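Remember, predicted model here, so these are calculated numbers, not experimental data. Quick note on labels: first sequence line is chain A, next is B, and so on, each numbered from 1.
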Amino acid sequence: MDYSRHAEIDKKWQDRWYSQKVFHAEDQSDKPNFFALIEFPYPSGIGLHVGHTRPYTAMDVLARKLRMDGKNVLFPIGWDAFGLPAENFAIKHKIHPSEAMSRNVANFRKQAMALGYSFDWDREVNTTDPSFYRWTQWIFIQLFKRGLAYKKKMSVNWCTSCLCVKANEEVVDGTCEICGAPVIRKEKEQWMLRITDYADKLIEGLDRVDFPARVKTQQINWIGRSTGAELDFSTTAGDKLTVFTTRPDTVFGVTYMVISPEHPLIDKWAGRLANFDEVAAYRRAAALKSDFERSELAKEKTGVRLDGVAAVNPATGGEIPIFVSDYVLMSYGTGAIMAVPAHDTRDYDFAKAFGLPIIEVVAGGNVEEAAFTDCETGVMVNSGMLNGLSVEEAKKKIVEWMTEKGLGKQKVNYKLRDWIFARQRYWGEPIPVVWCDRCGKYVPVPEDQLPVTLPEVQNYEPTTTGESPLSKVEEWVNTTCPVCGGPARRETDTMPQWAGSSWYYLRYTDPKNDKALASPEALARWTPVDWYNGGMEHTTLHLLYSRFWHKFLYDIGVVPTDEPYKKRTSHGMILGEDGEKMSKSRGNGVDPDQVIAEYGADTLRLYIMFIGDFEKTARWNSAAVRGCQRFIDRVCGLYDRMIPGDAVRPEHELGVNRTVRKVGADIMEMKFNTAIAALMTLVNEFCDGGDINRAEMKILLKLLAPFAPHICEELWEGFGEGLIAQASWPAYDESKTVEDSVTVAVQINGKLRAAVRMPRDCENADMIAAAKADPKIAAALEGVSIVREIAVRNKIVNFVVRPGK
RNA sequence: GCGGGUAUGGUGGAAUGGCAGACACGAUGGAUUUAGGAUCCAUUGCGCAAGCGUGCAGGUUCAAGUCCUGUUACCCGCACCA
């Protein structure tokens, strides 16, 4: 037997598994349920990437192991087929997106099957299927009805190549996450989702889920909750100027104020400003910059003083100048700040550049040199009633005082912005609302009329005007208002990439339901997801968005839990052989199809699991793939030499029991590389012994089956006991995982001097005696005095000695 | 700038504070072979040795890759967030 006929063997077992629905998740089962989830792929034109095989194989190993443990496992797959990559692919190849998608999906499906993944193919979902996006639209309407979806004119991120709006999360260093083109600011009316309403819940829920610490911190930082105060400053123009600050304690140190170039008061004050032209010019210059440029050019602080309006410090009553500067962002807080140069580095830089006074109000630093920003140690000075207090006490006291006077209040701010939930593109879920002139408002499409299907069009390329291509489909756009029956126009923007993926996992529990997104029973049975593995790059995108939707669905009583995922893990990236990120332009990509063709699916699966720590970045090494092929060949060789025997032979009990324990534990901790190493060690043990018996072989195959299921089925078939995929995971005997005698290291002054064999669990005194009896140790202990004798059971003996007697 | 992570042979990587380098790749030598490939056997951290070795400098400990302090390099997030 060997695995050189891998193409034939792989196919044989894949056909059997899939035609017999071996991996079907039972809706009625006495077994405990387990929902294992991978991030469903976008079926791009390139096909399944070798990067996909790492998380998918990992979860497949886990799913297969859990089935053998007696769990009723739901391990589903679907296609995230809406969105820009799909549409751009279609445009490039001049075919319709739906056609491109069905081709790509067919290819992905074939590839996933060629890897032998144990998906339940009866639960496949596709976000572009009207029976699926009907429910995406339904969720949108629920959000709309509760005021969480709204339309707003605002400055948005506009990708100059995709020709559509991007969410903040999709803009990386001022460029588009997808195409890399520059992103500029543009005023547009946009559909928004009020994710900020869930900011606190999204933070708080993290306490109750098992996510990696780095995922939690990244989400918390992204949400960026900060507690401070809103304070009102009066101005000589009569208007009050409200600022947000986390340091209300420093209000006596405010020597000037800054408002953002977009601040509305500038227009209001236009007539009073002697230098309005200069201010306007500064504004225009700022508007031309993207947010990225603004922060890049931030080294030098720039700004213009408003000539004609000043503010009044509510604490001191002193008059202070107001500047306009682009270091203050309209999108955070109130778009205006109180500047305390002595205790804020940015204000310090600005004050230095403009020669403004710097007043120390927290003692402890040297404000001649730099801003003193420490909140822990400082003591208040130059601050009237606050003098002598700590920063914390001062914060509390000043906010109370301001609140009493009606000049301010405690306030929490977030970096998180509402989610821009519309794209001016064709290939997405239509937003299910219509604009009715007579009603004068947006009206949701009645739920029984869902889905609003995407019309077939000839030209789906983006327009240059910023309008969705759907706006040109008159017969689709023109409709009637569901409320008044009058003429109405459909919303022509579509939902972003992230819509379907925000809830797809729920659909797996009941994928064919046409009454609800899933039945309450199915949701109760399967959710929350027990284990969700996915990429770190989705931490502040998909993972955050889907937690938001889930929490909303919980609040309206649709889902039974407030968090969607019990446990989240993340895999590291696979780099090319040259240590660089795999990319078409570098030509360092690895095609899984080719690896399978050459080595077979099991070799690829084993290698990708053996490559290194699952969480860390790993580099592809084609030579090392051979090692895994050799390992499979060695197992086949052992099989050919198999001898009878219905029990593990005594000389292999230790190895077998230890390996069963280790492989099982390692799989559950995602330490796949060491699990495989343990299997290799066991195989080497049998090879060195010359043979293996039937009982031993059966255990070995069961342990290997989750990793290399095809060849294990092929070998298992000879035992006539059904499928190994349905066999039970072997048990081990703890008492047989330890040897009767142990090798104890003997050290003198911490340096290894001998290794002594002795019975297990010796008393310390016996260990020391045995160590002293060793000739090398006895010789070394001649002529020295022993200061201390340390013995650790079954491990080590250490003599601390001093020269002489 | 802030936050998080990583650093171990020629390479990928193992090590509940207790024999550093498991397992694999590669390399070297040998067997087999017409040859190459494949396979099998042996060796493989450095050093002739005593010894020395886990980025660097300290510390705690009988004992440190592992814990503590400082430091360097690289990677990832966030970034004028008031």
If you only use heavy atoms from C-beta on, which nucleotide in [options] is closest to the side chain of [X]?
X	options	result
Thr674(A)	rG77(B), rA22(B), rC19(B)	rA22(B)
Arg788(A)	rG77(B), rG3(B), rC62(B)	rC62(B)
Ser226(A)	rA82(B), rA63(B), rG4(B)	rA82(B)
Asn673(A)	rG18(B), rC62(B), rA14(B)	rA14(B)
Arg626(A)	rC52(B), rA82(B), rU39(B)	rU39(B)
Ala677(A)	rA22(B), rC25(B), rC19(B)	rA22(B)
Met680(A)	rA79(B), rA24(B), rG18(B)	rA24(B)
Arg214(A)	rA14(B), rG26(B), rG4(B)	rG4(B)
Lys671(A)	rG26(B), rG18(B), rA15(B)	rA15(B)
Phe610(A)	rC78(B), rG12(B), rC19(B)	rG12(B)

Is any side-chain nitrogen or oxygen of [X] closer than 4.0 Å to OP1 or OP2 of [N]?
X	N	result
Asn684(A)	rA24(B)	yes
Arg630(A)	rC25(B)	yes
Ser325(A)	rC80(B)	no
Arg634(A)	rC40(B)	yes

Distance, [atom1] atom - from [M] to [N], rounded to whole angstrom:
N	M	atom1	result
rC40(B)	rC48(B)	P	32 Å
rG65(B)	rG29(B)	C1'	33 Å
rU32(B)	rC41(B)	C1'	11 Å
rA15(B)	rU60(B)	P	29 Å
rA24(B)	rU69(B)	P	38 Å
rC19(B)	rC67(B)	P	16 Å
rG1(B)	rG47(B)	P	41 Å
rC46(B)	rG10(B)	C1'	12 Å

Mate of [N] where both pairing distances stay under 3.5 Å, Watson-Crick or G-U:
N	value
rG29(B)	rC41(B)
rG51(B)	rC46(B)
rA24(B)	rU11(B)
rC78(B)	rG1(B)
rA73(B)	rU6(B)

What contact category does [X] fall into here, base, sugar-phosphate, or nothing, at under 4.0 angstrom with non-hydrogen atoms?
X	value
Thr345(A)	nothing
Leu679(A)	nothing
Gln747(A)	base
Val800(A)	sugar-phosphate
Asn413(A)	nothing
Gly627(A)	sugar-phosphate

Electrostatic pair [X]-[Y], nearest N-O below 4.0 angstrom:
X	Y	result
Glu39(A)	Arg568(A)	yes
Asp232(A)	Lys240(A)	yes
Lys772(A)	Glu789(A)	yes

### Task
With ring pair (Phe, Tyr, Trp, His ring centres under 6.0 Å) as the test, would you mind laying out the steps for Phe610(A) and Phe707(A) before giving the verdict?
CA-CA 10 Å; Phe610(A) 188 57; Phe707(A) 297 96; 9.9 Å; no

Rounding to a whole Å, what distance do you find between [X]:[atom1] and [N]:[atom2]?
X	N	atom1	atom2	result
Glu577(A)	rU11(B)	CD	C1'	11 Å
Gln219(A)	rC76(B)	CD	P	21 Å
Lys751(A)	rA63(B)	NZ	P	10 Å
Asp374(A)	rG1(B)	CG	P	18 Å
Leu541(A)	rG77(B)	CG	P	12 Å
Leu575(A)	rU6(B)	CG	C1'	14 Å
Ile259(A)	rA82(B)	CD1	C1'	15 Å
Ile223(A)	rG77(B)	CD1	P	19 Å

### Query
Heavy atoms, side chains only, cut-off 4.5 Å: are Tyr414(A) and Asp200(A) in contact?
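Answer yes - side chains close enough.
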
### Query
Got Val399(A) and Leu231(A) here, is their nearest side-chain heavy-atom distance under 4.5 Å?
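A side-chain contact is absent here, since even the closest heavy-atom pair is not under 4.5 Å.
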
### Side-chain donor-acceptor pair present, Asn673(A), Asp613(A), cut-off under 3.5 Å
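There is no such pair (donor and acceptor under 3.5 Å, judged by atom type) between the side chains of Asn673(A) and Asp613(A).
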
### Query
Side chains of Thr57(A) and Arg605(A): is there a donor and an acceptor less than 3.5 Å apart?
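Absent: no donor and acceptor within the cut-off.
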
### Query
Ala336(A) and Leu241(A): which non-hydrogen atoms are nearest, and at how many Å?
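Closest pair (atom of Ala336(A), atom of Leu241(A), distance): CB-CD1, 4.0 Å.
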
### Task
Look at the side chain of Lys301(A) and the base of rC80(B), then say whether one donor and one acceptor between them are separated by less than 3.5 Å.
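When only heavy-atom distances are counted, Lys301(A) does reach the base of rC80(B) through a donor-acceptor pair under 3.5 Å.
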
### Ala623(A) or Gly333(A), whichever maps to the more 5' nucleotide of RNA chain B
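The 5'-side residue here is Ala623(A).
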
### Task
Find which nucleotide of RNA chain B each of Gln218(A) and Asn621(A) is nearest to by heavy atoms, and output the residue with the more 5' nucleotide.
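Looking at the nearest nucleotide for each, Asn621(A) comes out on the 5' side.
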
### Query
Where does rG9(B) land, syn or anti, once you apply the within-90°-of-0 test for syn?
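Syn.
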
